There are 2 protein chains.
Amino acid sequence: MSGPRSSSVGIPGTRARTRNAILNAAAKVLARDRKATLADIAKEAEVGRSTLHRYFADREELVNEVVEDSLHLIGQAVEDAALDRGEPMEALRRAVSAMVAVGDRLLFLFHDPTHFDKLEDTEPDATDLALRALIERGQADGVFDPQVAPDWIESVVWALVYSGCEAAGSGALPRHGVTEAVMRTLENGVCAR
Amino acid sequence: MSGPRSSSVGIPGTRARTRNAILNAAAKVLARDRKATLADIAKEAEVGRSTLHRYFADREELVNEVVEDSLHLIGQAVEDAALDRGEPMEALRRAVSAMVAVGDRLLFLFHDPTHFDKLEDTEPDATDLALRALIERGQADGVFDPQVAPDWIESVVWALVYSGCEAAGSGALPRHGVTEAVMRTLENGVCAR
DNA sequence: CCGCTATGGGACATTGATGTCCCAGAGTGG
DNA sequence: CCACTCTGGGACATCAATGTCCCATAGCGG
């Protein structure tokens with residue numbers, strides 16, 4: 001009855017805040033352990049399991065919403081990076097920096113390839129398109145290696161950013177040095193200059 | 001049941017072969033979906049669920065054995081690469097090639113960070129030591145970038161190899177081109193030469 | 001002060017995976 | 001041909017997670 005359903009329009013701030021807390025907690029917990037219980041997530045979010053169920057009927061629904069939210073956050077961050085402006089290499093740096101900034105969600109998404117599969121159903125999202133365009137622009141400008149597939153370069157970028165975020169999470173890299181490490185590797189590989 | 005099944009059932013080697021089939025199937029299935037059922041694994045291995053239970057009492061036991069087996073395979077492959085011999089860059093190429101060769105197991109291990117955690121309990125394994133030694137040797141020789149932590153370089157190598165294996169799995173890269181793509185990226189990053 | 005909403009927590013029913021047993025069939029070696 | 005081993009599959013018992021209800025209560029706004 002009167003299920004407080006519809007999206008975040010007109011909802012008292014409380015509901016949006018609780019909802020957000022649950023989404024964040026879910027992303028964090030599920031990134032660490034994909035088999036985490038709903039109870040675990042509720043605990044992390046500091047809400048009752050009942051409350052969690054009030055906001056998300058299914059586990060599936062919850063996960064889907066976290067995925068969607070994460071994609072949205074990442075997309076927003078990358079969009080703000082305005083990859084179509086400026087030198088390709090500088091734009092790439094902004095992209096990496098933006099990705100690192102939402103590292104938690106990145107870790108969450110990458111930790112479950114299943115989500116990645118669902119993503120293929122939807123239209124190619126703006127994030128990938130922007131990144132792809134940047135890569136091709138850089139290749140055309142002779143800045144990025146034109147002899148390898150844009151696909152591969154994109155994979156490399158995501159992989160290194162992911163790696164950097166994980167390294168930061170485990171303390172292997174200082175949080176502020178992630179972008180720099182990733183960029184240096186993207187520019188030079190692992191070779192001395 | 002049994003169409004073209006095992007031709008020699010009483011032979012000692014048979015048990016090992018069945019066991020191996022289960023381990024391989026488990027690695028493959030679990031790499032794709034961590035929540036896969038024991039029934040799924042049994043099906044992939046083309047054995048009955050009962051048989052699987054005869055070889056591995058627990059799900060936990062099975063997973064542990066797959067981890068151990070995978071580490072062993074990877075370790076063997078890398079050891080055969082004799083990373084302490086020859087030019088660092090050539091040795092690195094051999095390392096990458098060896099890792100790619102056991103890509104399925106790599107995908108399995110990386111898909112569940114939990115396994116990675118257990119690994120920290122044990123002594124630092126030979127694989128990491130060999131790889132680390134190679135990296136430091138290369139840095140000393142001025143071949144690898146001495147200004148970044150060996151830790152980071154190691155992460156990058158694993159990340160790119162993983163990425164390459166995944167790309168191969170999804171058809172984005174031809175299986176035989178993985179080592180080349182990874183090495184090119186390690187040598188030049190994503191920049192034009 | 002009153003009512004409304006959101007919440008937390010407990011009490012179920014349900015479901016799906018898991019682990020155990022047992023039995024009959026097939027292939028092998030003696 | 002007989003005994004033995006390994007196997008697949010079915011029949012449970014168990015268990016943990018999940019999803020549903022319901023009720024008492026705290027907080028917020030009118």
Side-chain angles (χ1 to χ4, degrees), chain A residues 1-67 111-112 114, chain B residues 1-67 111-112 114:
Chain A
M1 42 201 64
S2 78
R5 263 242 35 86
S6 54
S7 43
S8 47
V9 190
I11 291 183
T14 306
R15 284 197 65 82
R17 210 164 29 116
T18 301
R19 180 191 156 89
N20 224 44
I22 295 176
L23 287 174
N24 283 326
K28 181 176 175 184
V29 173
L30 290 178
R32 187 169 51 83
D33 174 18
R34 191 192 151 221
K35 303 202 63 173
T37 299
L38 293 186
D40 295 334
I41 297 173
K43 186 180 169 188
E44 172 72 27
E46 293 178 310
V47 300
R49 199 163 66 89
S50 321
T51 301
L52 191 152
H53 275 293
R54 271 184 208 107
Y55 283 79
F56 307 95
D58 277 343
R59 174 185 243 275
E60 187 185 352
E61 184 179 324
L62 170 62
V63 172
N64 285 339
E65 302 253 23
V66 178
V67 171
H111 266 313
D112 193 349
T114 305
Chain B
M1 65 211 76
S2 58
R5 275 220 57 71
S6 52
S7 49
S8 50
V9 173
I11 295 181
T14 303
R15 283 196 67 82
R17 223 178 83 204
T18 302
R19 180 191 156 87
N20 224 45
I22 295 176
L23 287 174
N24 283 326
K28 181 175 175 183
V29 173
L30 290 179
R32 188 168 50 81
D33 175 16
R34 276 189 239 166
K35 301 205 65 173
T37 299
L38 293 186
D40 295 334
I41 297 173
K43 186 180 170 188
E44 171 72 27
E46 292 179 308
V47 298
R49 200 164 65 91
S50 320
T51 301
L52 190 153
H53 274 293
R54 274 183 206 107
Y55 282 78
F56 307 94
D58 276 347
R59 180 191 179 87
E60 187 185 352
E61 183 180 324
L62 171 62
V63 172
N64 284 339
E65 302 252 23
V66 178
V67 170
H111 265 315
D112 193 349
T114 304

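Sequence lines set the chain letters: A, B, ... in the order given, protein chains first and strands last, and positions in each chain run from 1. Bear in mind the structure is a predicted one, so any value in this text is a computation, not a measurement.
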Participant: Please give, in whole Å, the distance from dA17(D) P to Arg34(A) CZ?
Facilitator: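 One finds 15 Å between P of dA17(D) and CZ of Arg34(A), rounded.
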Participant: Tell me, for nucleotides 7-19 of chain C in 5' to 3' order, what letter each nucleotide earns: B for a base near a protein heavy atom under 4.0 Å, S for only sugar-phosphate near one, - for neither?
Facilitator: BBBB------SBB
Participant: In sequence, state the C-alpha distance, the side-chain angles, and the governing distance for Leu23(A) and Phe56(A), and then conclude on side chain to side chain contact (heavy atoms under 4.5 Å, CB included).
Facilitator: CA-CA 10 Å; Leu23(A) 287 174; Phe56(A) 307 95; 3.8 Å; yes
Participant: May I have the distance from Arg17(A) (atom CZ) to dT5(C) (atom C1'), rounded to whole angstrom?
Facilitator: 14 Å
Participant: Note down the inter-axis angle between the two ends of the helix from dC1(C)-dG30(D) to dG30(C)-dC1(D), five pairs each, to the nearest 10°.
Facilitator: 20°
Participant: For residues 58-66 of chain B, which side-chain N or O atoms pair as donor and acceptor with protein atoms under 3.5 Å away, sequence neighbours left out?
Facilitator:
unit_1	atom_1	unit_2	atom_2	d
Arg59(B)	NH1	Ala36(B)	O	3.1
Arg59(B)	NH2	Arg34(B)	O	3.2
Arg59(B)	NH2	Ala36(B)	O	3.1
Asn64(B)	OD1	Lys118(B)	NZ	3.0
Asn64(B)	ND2	Glu60(B)	O	3.4
Glu65(B)	OE1	Arg19(B)	NH2	2.9

Participant: Can you name the side chain to side chain donor-acceptor pair (under 3.5 Å) partners of Asp33(A), sequence neighbours left out?
Facilitator: none
Participant: For residues Ile22(B) and Leu52(B), report the shortest heavy-atom separation together with the two atoms involved.
Facilitator: CD1-CA, 4.0 Å
Participant: What protein N or O atoms touch nucleotides 25-29 of chain D N or O atoms at under 3.5 angstrom, if any, and at what distances?
Facilitator:
none

Participant: Run the ring pair (Phe, Tyr, Trp, His ring centres under 6.0 Å) test against His53(B) and tell me which residues pass, sequence neighbours left out.
Facilitator: none
Participant: Show me the side-chain donor-acceptor pairs of residues 37-46 of chain A shorter than 3.5 Å, one per line, residues at least two apart or across chains.
Facilitator:
unit_1	atom_1	unit_2	atom_2	d
Asp40(A)	OD2	Thr37(A)	N	2.9
Glu44(A)	OE2	Lys28(A)	NZ	3.3

Participant: My understanding is that only residues two or more places apart in sequence, or in another chain, count here; which of them pass side chain to side chain donor-acceptor pair (under 3.5 Å) with Thr114(A)?
Facilitator: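 For Thr114(A), the residues satisfying side chain to side chain donor-acceptor pair (under 3.5 Å) (neighbours in sequence not counted) are Asp112(A).
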Participant: Rounded to the Å, how far apart are Glu61(B) CD and dT20(C) P?
Facilitator: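 Between P of dT20(C) and CD of Glu61(B): 10 Å.
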